Amino acid sequence: MSDKTFGRIIAVITALGILVTGGLMWYTVHLHGVCSIVSYVANGR
Amino acid sequence: MGTAKKIGAIALLIGAFAGFDLAIYGFFTKRCIDTSSEEMKCYSVELHRYMPFEEGSEAVKADTELRLSGDLPVLDGAAALYPVFSGVVNSVYPEDCVHFENGEFTADSALHYTNTIGAYKAVADGDADIIFCAKPNDEQLAYAEEKGAELEMVPIGREAFVFIVNERNPVDGLTSEQVRDIFSGGIKSWSEVGGEHLPIEALSRNKGSGSQTTMDKFMAGREQKQSPFGIFGRSIGYSFRYYAENMTDGGVKLLALDGAYPDREHIADGSYPLASSFYAIYRRDNDNEQVPVLIDWLLSDEGQSLVEQAGYVPID
């Protein structure tokens, strides 16, 4: 694998990873704001 | 770098992101996922479950000969008390008085539901004749005063304000002082109250809600604080007994407080320290003649039996 190809793969994975992680965190914050206190306690530990 | 090492680095990067995202999902996202019905998520109570006059409804019906007609008092109130006031309508109102369209009660319905914050506004504005709630907070009283509304609050039943934890939490009870210390940040770990070495996530509710107003009074001026590390531990919240036990999907347990478990026996005999009245509230200047009729009925044996049927403790 050439260094150029390796660099591109790393860049794509990093970009996708940041997108997915960012989306998951945004979704979690959104859910946290709307879920009921009883549901939150029930679904936790 | 050789090809094998490059592939290893790529796999490591993918694994790092996947592991991190799985951890976020497992620790945080999953517990925020509310699997209750859309109606429950929207209204905090399943209106159809207690809808008056509907077949299969769990709305209670008192054994009474009272039947209101004409200018019917419009009822509204808190989520936790919806089974009570929907039961009132189901027992003494005519069947054609409830109108529910597109997921909400219409303006001409005798039964409304806007929860505590909406109900206090509605009674002050004159949009509701009688509301069923816990006591108001200072802002709600100030709003009523601004609207020239003197509110009459008639206790019609008793309910317990409860602290809830996940049913897997080994802690079964706390003292009142421990609860205040937990919610003010003085106690940060469950190990300090007989539980595991895990942080405490002390939850809170929105200002103006019945449970938050009650909690503010319980805290007696102490500020509620939340540790950012609590999310890695076990959470504790608060609600009203009947709501937490019967109007949700389960998975929580109620804590004993100062040695008394919040069941109907301990609420009735006063040994549970946070048992308090809930009220039928109306404007003193309301000239609807059926308002005092309904209030008197709620305080009668028949009305109190409805309160008991709905799952609450009668006032005596």
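In what follows, every chain begins at residue 1, and chains take the letters A, B, ... in the order their sequences are listed. The model shown is predicted, which means the values in this text are computed figures rather than measured ones.
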Peer 1: Just give me the residue among B/I164, B/T3, B/N206, B/I10 that pairs up with chain A most often, heavy atom to heavy atom, under 4.5 Å.
Peer 2: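 Most heavy-atom pairs within the cutoff with chain A belong to B/I10.
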
Peer 1: Which atom names give the shortest non-hydrogen contact between A/M25 and B/I24, and what distance separates them?
Peer 2: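 Smallest heavy-atom distance, with atoms named: CG-CD1, 3.8 Å.
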
Peer 1: Can you check side-chain contact (heavy atoms from CB on, under 4.5 Å) on B/F28 and A/L24, steps first, answer last?
Peer 2: CA-CA 10 Å; B/F28 308 120; A/L24 182 62; over 6 Å; no

Peer 1: Quick check: closest heavy atoms across A/T28 and B/C32, and the distance to 0.1 Å?
Peer 2: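 For A/T28 and B/C32, the tightest heavy-atom pair comes out as O-SG, 4.3 Å.
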
Peer 1: For B/S204, is it the side chain, the backbone, both, or neither that has a heavy atom closer than 4.5 Å to a heavy atom of chain A?
Peer 2: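 The answer is the backbone of B/S204.
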
Peer 1: Roughly how far, to the nearest 0.5 Å, is the NZ atom of B/K6 from the OG atom of A/S2?
Peer 2: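 One gets 6.5 Å once the value is rounded to the nearest 0.5 Å.
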
Peer 1: Looking at B/Y238 and A/I37, what are the two nearest heavy atoms and their distance?
Peer 2: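 Heavy-atom minimum between the residues: N-CD1, 3.7 Å.
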
Peer 1: Got a donor-acceptor contact below 3.5 angstrom from the A/N43 side chain to the B/I33 backbone?
Peer 2: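 Indeed, once roles are kept as given, a pair shorter than 3.5 Å links the two residues.
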
Peer 1: Let me know if A/L16 has heavy atoms under 4.5 Å from chain B in its side chain, its backbone, both or neither.
Peer 2: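 Contact with chain B involves no heavy atom of A/L16 at all.
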
Peer 1: Is there side-chain contact between A/Y27 and B/T29, with heavy atoms separated by less than 4.5 Å?
Peer 2: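 The answer is yes; the side chains approach within 4.5 Å.
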
Peer 1: With a 4.5 angstrom heavy-atom cut-off, which part of B/F20 approaches chain A: side chain, backbone, both or neither?
Peer 2: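 For B/F20, the side chain is the part near chain A, not the backbone.
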
Peer 1: Indicate yes or no: at least one non-hydrogen side-chain atom of B/I7 is less than 4.5 angstrom from one of A/M1.
Peer 2: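 Contact flag for B/I7/A/M1 side chains = yes.
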
Peer 1: May I ask you to list the residues in residues 4-12 of chain A that approach chain B closer than 4.5 angstrom, counting heavy atoms only, ordered by number?
Peer 2: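 Within residues 4-12 of chain A, near chain B: A/F6, A/I9, A/I10.
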
Peer 1: Output every pair passing side-chain hydrogen bond (donor to acceptor under 3.5 Å, both in side chains) with a member in residues 162-174 of chain B, not counting sequence neighbours, ordered by first then second residue.
Peer 2: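 Residue pairs passing side-chain hydrogen bond (donor to acceptor under 3.5 Å, both in side chains), neighbours aside: B/N166-B/R168, B/D172-B/K253.
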
Peer 1: Which atoms of B/L198 are under 4.5 Å from chain A, going by heavy atoms: the side chain, the backbone, both sets, or neither?
Peer 2: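 Answer is side chain: those atoms of B/L198 sit under 4.5 Å from chain A.
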
Peer 1: Decide if atom NZ of B/K135 counts as having more than 12 heavy atoms of other residues, nucleotides or ligands within a radius under 6.0 Å.
Peer 2: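 Counting other residues, nucleotides and ligands, NZ of B/K135 stays at 12 neighbours or fewer.
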
Peer 1: For side-chain contact (heavy atoms from CB on, under 4.5 Å), just list the numbers for A/V41 and B/E201, CA-CA rounded to whole Å, side-chain angles, deciding distance to a tenth of an Å, and then say yes or no.
Peer 2: CA-CA 10 Å; A/V41 173; B/E201 186 183 18; over 6 Å; no

